[in-house]
Amino acid sequence: MLPMHQSKLFTRTRWRLSAWYAAIIGALLSLSGLAFYEMLAQAHWHALHLELESLSGTLHDGLEPILMRPGQLEPEVKQLLPELCLANEDCLKQTEPLARHILGKAQRHGYYVRFLDPSGHIIATVGWQPKGLPFQTQAQDWQTLKDDRGQRYHQISLLLKTKSNTAWGYMQVGRSLSAYDDYLAMTRLVLLIGLPAALVLTSGASWWLAGLAMRPIYQSYQKIQQFTADAAHELRTPLAATQATIESVLEAETLSESEARKTLCAVERQNNRLTQLVQDLLLLSRMDRQEIMPKQQPCCLKTLVYDVVDEFEGLAIASELQLSLEIQVQQSLFVWGDEEQLYRLVANLVTNAIQYTPKGGTVALLLHQSDHHAVIQVKDTGIGIPAPEHSQIFERFYRVDSNRARITGGSGLGLAIAMAIAHAHQGTIQVQSQLGQGSTFTVKLPVTAGNP
Ligand code: ADP
């Protein structure tokens, strides 16, 4: 049988499956990355906004009570803002430490303050000022502006009023967005490198996962293929034999009555074999599809094993074997199930034991109880089964030695049927065997609580 990677159909399906996996996970990753980026940007923007709002609010509340004349800064403002630089002053040499006054903390983060008269002319500034930033006083109080180097600033413009409630002019408080922009650019870079790398890893993982998911499907597919080939092979043998018999008769010029009878007997034999094979296959497929559920009736196992021994005594004698029965329970032993099927199970095991035990050997059928299980054992002193094949003999059409089994007329379905019946009755079937020493098949079935 071909390994999975050599099967074109499965390789193509695996590619398709992993491409879908990778595409879906890739799309989800990209969406999550985008959502993460948006959330991060929003959270930072919000914090920045709040900080600016609180700073401008504090300044506004501190300044308004000391402003008297529109467009004029009273000397008290200088006390509140020591870094205040009037429009006509050269303030480059002012080096007063900023930490002590109201803008100290904010200044370190690239904040600036500007005062404008009602017509928009600059009156004074505080501390560091971005170069080439336009002066605009619009009704809109929040603005995002660019200086002549393209750096972005976020700014709030507030209308200041004098103590007598007339318009004084504007105060603009802003801050540089360069740290914010750098941070977002770095996040974008991480996402741009991280996402393709994650996609490559996802594709590899998808390929591996698709292989993992398809392995059991491939195994069942192989089993079905094997089963079809085996079934065809089994059906071909009796058909070929019948064909050969018919051809040899047709070639003969005359046919005596005894020859005709012999031919018909041979054809009938092959036909019986075919019928049995087809019936066994049908039974197995129906049990697989659970079309035949075992009848739920109490079955007395003591009666059942007596009947089996009765039926096979003749065959055992003809095969020059000793067939014995040992019942190790006093009371009657009942299991729920289908008597006909259970009989078939035990009969299949006894048939095999007789078939695979040479002349002079013994076959023993034992019945006893262990805990809540009835135990039926079929022991023989036959040819035995090699250890590596103990589990395989329960597979359909499996034979340890096909030539030998074909002589016995077996199709390789007997143990598969026995196993299916045991499972349908919630039971188990096991084998212990040594080559040349003999085999023991043990069937365990749950007993019914109390006699029916
Ligand atoms: P078959 O119809 O060929 O007997 P089974 O499914 O009943 O098919 O058994 C599968 C194979 O297991 C047989 O071909 C045989 O090689 C092996 N086998 C089964 N029972 C015995 C036994 N009691 N002793 C030795 N070999 C056995």
Side-chain angles (χ1 to χ4, degrees), residues 34 37-67 69-74 77-78 80-89 91-92 94 98 101-162 165-188:
L34 215 66
Y37 176 79
E38 269 304 308
M39 269 170 56
L40 208 75
Q42 286 294 328
H44 272 73
W45 184 257
H46 187 65
L48 190 142
H49 204 81
L50 277 182
E51 234 176 88
L52 209 52
E53 198 170 47
S54 114
L55 182 65
S56 59
T58 312
L59 276 175
H60 176 271
D61 296 349
L63 287 172
E64 270 198 344
I66 49 177
L67 296 175
R69 293 159 295 159
Q72 298 289 313
L73 285 166
E74 312 304 325
V77 178
K78 188 86 177 161
L80 195 69
L81 297 164
E83 274 236 322
L84 188 76
C85 176
L86 296 175
N88 49 3
E89 278 180 357
C91 307
L92 281 176
Q94 280 187 357
L98 304 170
H101 59 78
I102 200 163
L103 272 177
K105 186 166 170 268
Q107 191 79 25
R108 285 197 296 270
H109 293 94
Y111 282 76
Y112 63 85
V113 181
R114 303 189 297 195
F115 293 98
L116 289 88
D117 65 19
S119 51
H121 295 112
I122 189 119
I123 300 171
T125 59
V126 179
W128 162 86
Q129 292 296 309
K131 286 193 181 83
L133 204 65
F135 295 102
Q136 291 166 357
T137 51
Q138 296 137 343
Q140 173 200 2
D141 51 5
W142 284 103
Q143 286 170 301
T144 301
L145 310 161
K146 269 188 190 168
D147 68 7
D148 50 7
R149 284 184 301 151
Q151 278 213 5
R152 298 197 313 144
Y153 295 86
H154 194 47
Q155 163 184 299
I156 180 170
S157 297
L158 292 174
L159 178 68
L160 292 177
K161 288 185 179 156
T162 61
N165 212 19
T166 51
W168 177 88
Y170 296 96
M171 177 182 69
Q172 293 183 332
V173 182
R175 64 162 291 178
S176 159
L177 292 178
S178 68
Y180 171 79
D181 285 344
D182 286 352
Y183 180 73
L184 288 191
M186 180 56 79
T187 313
R188 276 197 303 273

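No experiment lies behind these values; they were computed from the predicted model shown.
When the side-chain contact (heavy atoms from CB on, under 4.5 Å) test is applied to Arg69, the partners found at least two apart in sequence or on another chain are Gln72, Glu74. Listed by chain and residue number, Tyr183 satisfy the ring pair (Phe, Tyr, Trp, His ring centres under 6.0 Å) test with His44 (two or more places apart in sequence, or in another chain). Taking Asp147 as the reference, Leu133, Arg149, Gln151, Tyr153 meet the side-chain contact (heavy atoms from CB on, under 4.5 Å) condition, with sequence neighbours excluded. Ser54 meets the side-chain hydrogen bond (donor to acceptor under 3.5 Å, both in side chains) test with no other residue; sequence neighbours excluded. Under the rule for a salt bridge (Lys or Arg N to Asp or Glu O under 4.0 Å), Arg188 has no partner lying at least two apart in sequence or in another chain. Residues passing the side-chain contact (heavy atoms from CB on, under 4.5 Å) test with Ala179: none are found, sequence neighbours excluded. By the ring pair (Phe, Tyr, Trp, His ring centres under 6.0 Å) test, Tyr37 is found to be paired with no residue, residues two or more places apart in sequence or in another chain being considered. The side-chain hydrogen bond (donor to acceptor under 3.5 Å, both in side chains) test applied to Thr166 returns Thr162, not counting sequence neighbours. Qualifying side-chain hydrogen bond (donor to acceptor under 3.5 Å, both in side chains) partners for Thr125, counting only residues two or more places apart in sequence or in other chains: none. Residues satisfying the side-chain contact (heavy atoms from CB on, under 4.5 Å) test with His60, not counting sequence neighbours, are Glu64, Leu158, Leu160, Met171.
In plain terms, the two heavy atoms of His121 and Ser119 that are nearest each other are ND1-OG, 3.2 Å. Scanning all heavy atoms of the two residues, the minimum distance from Ala124 to Leu84 falls at CB-CD1, 3.9 Å. Across Gln172 and Ser157, no two heavy atoms sit closer than the pair NE2-OG, 3.3 Å. Nearest heavy-atom pair, Ser56 versus Glu53, reported as atom, atom and distance to 0.1 Å: OG-O, 3.0 Å. Among all heavy-atom pairs drawn from Tyr170 and Leu159, the shortest one is CE2-CD1, 3.7 Å. Considering every non-hydrogen atom in both Ala167 and Pro70, the closest pair reads O-CB, 3.4 Å.
The distance from atom CG of Leu184 to atom CG of Leu177, rounded to the nearest 0.5 Å, is 9.5 Å. If you take CG on Leu55 and CD1 on Ile156, they are separated by 10.0 Å, rounding to the nearest 0.5 Å. One distance of note links CG of Leu80 with CG of Leu59; it measures 7.0 Å at 0.5 Å rounding. Rounded to the nearest 0.5 Å, atoms CD1 (Ile123) and CG (Leu86) are 9.0 Å apart. In this structure, CD1 on Ile122 lies 9.5 Å from SG on Cys85, to the nearest 0.5 angstrom. Met186 CE to Asp182 CG: the interatomic distance, rounded to the nearest 0.5 Å, is 8.0 Å.
Side-chain contact between Leu67 and Val77 is present, with at least one heavy-atom pair separated by less than 4.5 Å. Within the 4.5 Å cutoff, no side-chain heavy atoms of Val126 are placed close to those of Tyr111.
A donor-acceptor distance shorter than 3.5 angstrom exists from the side chain of Tyr180 to the backbone of Ala41, with no hydrogens or angles considered. In terms of modelled atom types and a separation under 3.5 Å, the side chain of His154 and the main chain of Gln143 share a donor-acceptor contact.
Among the candidates Gln129, Gln155, Arg175, the single residue satisfying the side chain to side chain donor-acceptor pair (under 3.5 Å) test with Tyr112 is Gln155.
Relative orientation of the Phe115 and Trp168 rings is perpendicular, given thresholds of 30° and 60° on the angle between their planes.
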